[in-house]
A.B. asks: 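Sharing a structure here in structure tokens format.
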There are 2 protein chains.
Amino acid sequence: MMEEKTQPTADLPHPARDEIVLTEVLFALSDPARLEIVRQLAGGPIEAARCNPFDPSIAKSTKSHLMKVLREAGVIRNEALARGRLLTLRRDDLDARFPGLLDAVLG
Amino acid sequence: MMEEKTQPTADLPHPARDEIVLTEVLFALSDPARLEIVRQLAGGPIEAARCNPFDPSIAKSTKSHLMKVLREAGVIRNEALARGRLLTLRRDDLDARFPGLLDAVLG
DNA sequence: CAAATGGTTCGAATTTATTCGAACAAATTT
DNA sequence: AAATTTGTTCGAATAAATTCGAACCATTTG
């Protein structure tokens, strides 16, 4: 059978609100680089290209992986937008699922 | 020179309140077994022997390690008490440092 | 004093996470 | 249409975390 090739501008899987797991969210937020991304997104959606994890020497595959961990935990949404990607903090879902958590983490 | 041998009932090091780091706290809480311990301690201090990480097949060295991660992150206090150890959630310190975080995590 | 209880530490083995470069693909620009 | 920009995925290398048993120790119990 043909192997499904990777689809770059494809829709990436996101957990539904009720599938978001607390320990996975905490883990996603427990990395300084990932937490910094979340802080940037707290001000509103950002295009991925404009979202820099303050370490300029980071490989783009590494940055992509940071986004993947956040996305799979349900912390951010990552959607195709024109040539790039739009990153959005899932504030509504997180607030509904774990009231007060995001506010506390964002300080 | 004599090597300092391990001191079992010794005072273990704890970070001061202002040394507690958010990402380390989040990491400590991101493990289900550790989070369960914290939930048990939310009701008040418990003797370590009475604090079970719901997996009965766990080695005692593993349990000790779980406590170590929580202690070094500043989440719990671990003090000598008679033959055993008394575990205390550092609620005051955590509330002062990261208001609302513990409440949000404990649900 | 001997044995049992409770718990830390060390070292080794295993499992997970991180990081990178290479390959690839879609949309845009030239 | 070719080149650029943007960003995912894969596989491999490395780094970190977890887990266990063994050794050890201090206090209490017999």
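Numbered from 1 within each chain, the chains take letters A, B, ... in sequence-line order.
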A.B. asks: Return the set of residues passing salt bridge (charged side-chain N to carboxylate O under 4.0 Å, His left out) with Arg17(A) (not counting sequence neighbours), or none when no residue passes.
C.D. replies: Asp93(A)

A.B. asks: What nucleotide, of dG6(C), dG21(D), dC20(C), holds the atom closest to the side chain of Ser61(A)?
C.D. replies: dC20(C)

A.B. asks: Counting only side-chain N and O atoms of Asn78(A), is one of them less than 4.0 Å from OP1 or OP2 of dT8(D)?
C.D. replies: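 Looking at the OP1 and OP2 atoms of dT8(D), one of them is under 4.0 Å from a side-chain N or O of Asn78(A).
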
A.B. asks: Rounded to the nearest 0.5 Å, what's the gap from CG on Leu66(A) to CD1 on Ile58(A)? Could you check?
C.D. replies: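 Reported to 0.5 Å precision, the distance equals 5.0 Å.
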
A.B. asks: Measure NZ/Lys68(B) against C1'/dA16(D) and give the value in whole Å, please.
C.D. replies: 14 Å

A.B. asks: Whether Thr62(B) contacts dC20(D) is assessed here as follows: a side-chain N or O lying under 4.0 Å from the phosphate OP1 or OP2. Is that the case?
C.D. replies: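 The answer is yes; a side-chain N or O of Thr62(B) sits under 4.0 Å from OP1 or OP2.
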
A.B. asks: If you only use heavy atoms from C-beta on, which nucleotide in dC20(C), dT6(D), dT18(D) is closest to the side chain of Phe27(B)?
C.D. replies: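 Output: dT18(D).
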
A.B. asks: Taking the side chain as everything from C-beta on, heavy atoms only, tell me whether Arg71(B) gets closer than 4.5 Å to His14(B).
C.D. replies: yes

A.B. asks: Grab the CD1-C1' distance between Ile46(B) and dG6(C) for me, whole Å please.
C.D. replies: 16 Å

A.B. asks: Which nucleotide in the list dT28(C), dT9(D), dC20(C) gets nearest to the side chain of Arg71(A)?
C.D. replies: dT9(D)

A.B. asks: Below the 4.0 Å mark, does dT8(D) have OP1 or OP2 next to a side-chain nitrogen or oxygen of Ser64(A)?
C.D. replies: yes

A.B. asks: What integer distance in Å separates Glu79(B):CD from dT8(C):P?
C.D. replies: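 These atoms are roughly 13 Å apart.
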
A.B. asks: Just compare dC20(C), dC10(C), dT28(C) and give me whichever is closest to any side-chain atom of Ile58(A).
C.D. replies: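 Nearest listed nucleotide: dC20(C).
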
A.B. asks: Assign each of Lys60(B) and Leu66(B) to its nearest nucleotide of DNA chain D by heavy atoms, then name whichever residue's nucleotide is nearer the 5' end.
C.D. replies: Leu66(B)

A.B. asks: Write down the distance between NE2 (His65(A)) and P (dG11(D)), rounded to a whole number of angstrom.
C.D. replies: 15 Å

A.B. asks: Under 3.5 Å, sequence neighbours excluded: what are the donor-acceptor pairs made by side chains of residues 19-30 of chain B?
C.D. replies:
from, atom 1, to, atom 2, distance (Å)
Glu19(B), OE1, Ala16(B), N, 2.8
Ser30(B), OG, Phe27(B), O, 2.7

A.B. asks: Check the distance between dT18(C)'s C1' and Met67(A)'s CE and give it to me in whole angstrom.
C.D. replies: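 Nearest whole value for this atom pair: 15 Å.
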
A.B. asks: Side chain of Lys63(A), backbone of Ala48(A): donor and acceptor closer than 3.5 Å?
C.D. replies: yes

A.B. asks: Calculate the interatomic distance between Glu72(B) atom CD and dA17(D) atom C1'; express it in whole Å.
C.D. replies: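 Rounding to the nearest Å, CD of Glu72(B) and C1' of dA17(D) are 13 Å apart.
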
A.B. asks: What is the distance, to the nearest angstrom, from the CG atom on Asp11(B) to the P atom on dT9(C)?
C.D. replies: 12 Å

A.B. asks: Let me know the distance between CG of Leu81(A) and C1' of dT5(D), rounded to the nearest Å.
C.D. replies: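 Interatomic distance, CG of Leu81(A) to C1' of dT5(D): 14 Å.
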
A.B. asks: Give the nucleotide from the list dG6(C), dT19(C), dC10(C) with an atom nearest to the side chain of Arg83(B).
C.D. replies: dG6(C)

